[in-house]
Amino acid sequence: MRLSYDQYFMEIAKVVSKRSTCLRRQVGAVIVKDKHILSTGYNGAPKGFKHCSEVGCIREKLNVPRGERHELCRGLHAEQNAIIQAAVFGVAIKDAVIYTTHFPCSVCAKMLVNAGIKELIYLQDYPDELAEEILRESNIKVRKLKT
């Protein structure tokens, strides 16, 4: 059976997530426009930095609950890296769709709004009520992909 485009791009996001170096959750993101991949990203430390697998997770050490205190993480989120990669290579992502393996956090939700993303398609939930509120208030169409 042939995959739908939603299934196809989400499968790619799942493969991208396998590059993640996060000890808590592996997340992948794919930005798509007109059925063409513009950018990808996964969560992990900035370029040239030691990975969390090498230095440990401060959020884990401090017992920070999931969905809280994102600023303590040394890594960037998948959505952030996908937006940054597009910017680095001069790829316009306004009016694009983002496929993410997980619902975004509030920081990423704000970035998606300002980047002009028109639709967010995600696979798994993430506990961030502020992100839900931000996306409800935005013009971004949000849908959870049914598997």
Side-chain angles (χ1 to χ4, degrees), residues 1-49 51-53 57-60 64-147:
M1 182 171 123
R2 188 174 189 197
L3 296 176
S4 69
Y5 277 108
D6 283 347
Q7 293 166 327
Y8 171 68
F9 292 123
M10 191 59 76
E11 285 299 317
I12 294 170
K14 290 191 308 194
V15 169
V16 170
S17 76
K18 294 178 182 192
R19 290 279 306 150
S20 169
T21 58
C22 179
L23 299 174
R24 288 181 139 195
R25 175 180 285 122
Q26 288 67 49
V27 181
V30 178
I31 299 177
V32 174
K33 190 170 186 179
D34 299 326
K35 299 178 182 156
H36 293 282
I37 296 171
L38 302 178
S39 182
T40 65
Y42 53 87
N43 54 333
K47 286 181 183 179
F49 282 51
H51 298 290
C52 298
S53 54
C57 175
I58 189 161
R59 294 181 66 210
E60 200 67 34
V64 175
R66 291 166 184 352
E68 296 179 16
R69 304 292 315 268
H70 306 291
E71 76 280 3
L72 293 177
C73 180
R74 71 183 278 111
L76 290 136
H77 289 185
E79 303 92 332
Q80 294 167 347
N81 274 324
I83 292 168
I84 291 165
Q85 285 303 304
V88 166
F89 292 103
V91 177
I93 59 173
K94 186 178 185 302
D95 296 324
V97 176
I98 188 164
Y99 290 84
T100 61
T101 56
H102 294 74
F103 191 82
C105 73
S106 58
V107 174
C108 290
K110 291 183 277 186
M111 290 180 71
L112 296 174
V113 170
N114 277 4
I117 296 295
K118 72 175 184 181
E119 185 172 9
L120 161 70
I121 302 167
Y122 71 98
L123 194 58
Q124 296 180 42
D125 293 318
Y126 182 74
D128 192 325
E129 291 179 16
L130 180 56
E132 292 175 25
E133 183 181 321
I134 289 165
L135 290 167
R136 267 194 308 273
E137 193 174 328
S138 77
N139 291 323
I140 298 175
K141 180 181 176 183
V142 177
R143 59 187 169 99
K144 184 174 184 176
L145 189 65
K146 293 173 179 43
T147 53

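All residue numbers in this chain count up from 1 along the given sequence.
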Spatial distance of atom OG (S106) from atom CG (D128) [nearest 0.5 Å]: 4.0 Å

Are there over 12 heavy-atom neighbours, none belonging to K33, within less than 6.0 Å of that residue's NZ? yes

Show your working on side-chain contact (heavy atoms from CB on, under 4.5 Å) between E60 and L23 and close with a plain yes or no. CA-CA 9 Å; E60 200 67 34; L23 299 174; over 6 Å; no

Going from CG on L112 to CD on Q80, what distance comes out if it is rounded to the nearest 0.5 angstrom? 9.5 Å

Taking only residues two or more places apart in sequence, or in another chain, which ones meet K144 in a salt bridge (Lys or Arg N to Asp or Glu O under 4.0 Å)? D125

Working to the nearest 0.5 Å, report the span between SG of C57 and CZ of R24. 5.0 Å

Is there a donor-acceptor pair under 3.5 Å between the side chain of T101 and the backbone N or O of G28? yes

dist S17:OG -> L123:CG (nearest 0.5 Å) comes out at 9.5 Å

Output for pair (I83 CD1, H77 NE2), nearest 0.5 Å, gives 12.0 Å

Going by the rule salt bridge (Lys or Arg N to Asp or Glu O under 4.0 Å), which residues pair with D95 if we only count those two or more places apart in sequence or in a different chain? none

Can you list the steps and then say if I98 with E79 is a side-chain contact (heavy atoms from CB on, under 4.5 Å)? CA-CA 8 Å; I98 188 164; E79 303 92 332; 4.1 Å; yes

Identify the heavy atoms of I31 and I93 that sit nearest to each other, and give their distance. CG2-CG2, 3.8 Å

side-chain contact (heavy atoms from CB on, under 4.5 Å), that's the test. Do R74 and I58 meet it? Break it down for me. CA-CA 8 Å; R74 71 183 278 111; I58 189 161; over 6 Å; no

Partners meeting salt bridge (Lys or Arg N to Asp or Glu O under 4.0 Å) with E133 (sequence neighbours left out): none

Atom CG in N139, atom CD1 in I117: separation rounded to 0.5 Å? 13.0 Å

Evaluate the ring planes of Y5 and Y8, with Trp represented by its six-membered ring, and classify them as parallel (under 30°), tilted (30 to 60°) or perpendicular (over 60°). perpendicular

Please report, to 0.1 Å, the donor-acceptor pairs under 3.5 Å made by any side chain of residues 34-45, with sequence neighbours excluded.
{"residue": "S39", "atom": "OG", "partner": "A82", "partner atom": "O", "Å": "2.6"}
{"residue": "Y42", "atom": "OH", "partner": "R19", "partner atom": "NH2", "Å": "3.3"}
{"residue": "N43", "atom": "OD1", "partner": "S20", "partner atom": "OG", "Å": "2.7"}
{"residue": "N43", "atom": "OD1", "partner": "V27", "partner atom": "N", "Å": "2.9"}
{"residue": "N43", "atom": "ND2", "partner": "R25", "partner atom": "O", "Å": "2.7"}

Step by step, work out the side-chain contact (heavy atoms from CB on, under 4.5 Å) result for Y99 and D6. CA-CA 8 Å; Y99 290 84; D6 283 347; 2.7 Å; yes

Which residue pairs satisfy the ring pair (Phe, Tyr, Trp, His ring centres under 6.0 Å) criterion with at least one member in residues 120-147, sequence neighbours excluded? F103-Y122

I need the minimum non-hydrogen distance between A109 and L135, along with the two atoms involved. CB-CG, 4.0 Å

Could I get the full list of salt bridge (Lys or Arg N to Asp or Glu O under 4.0 Å) partners for E71, not counting sequence neighbours? R69

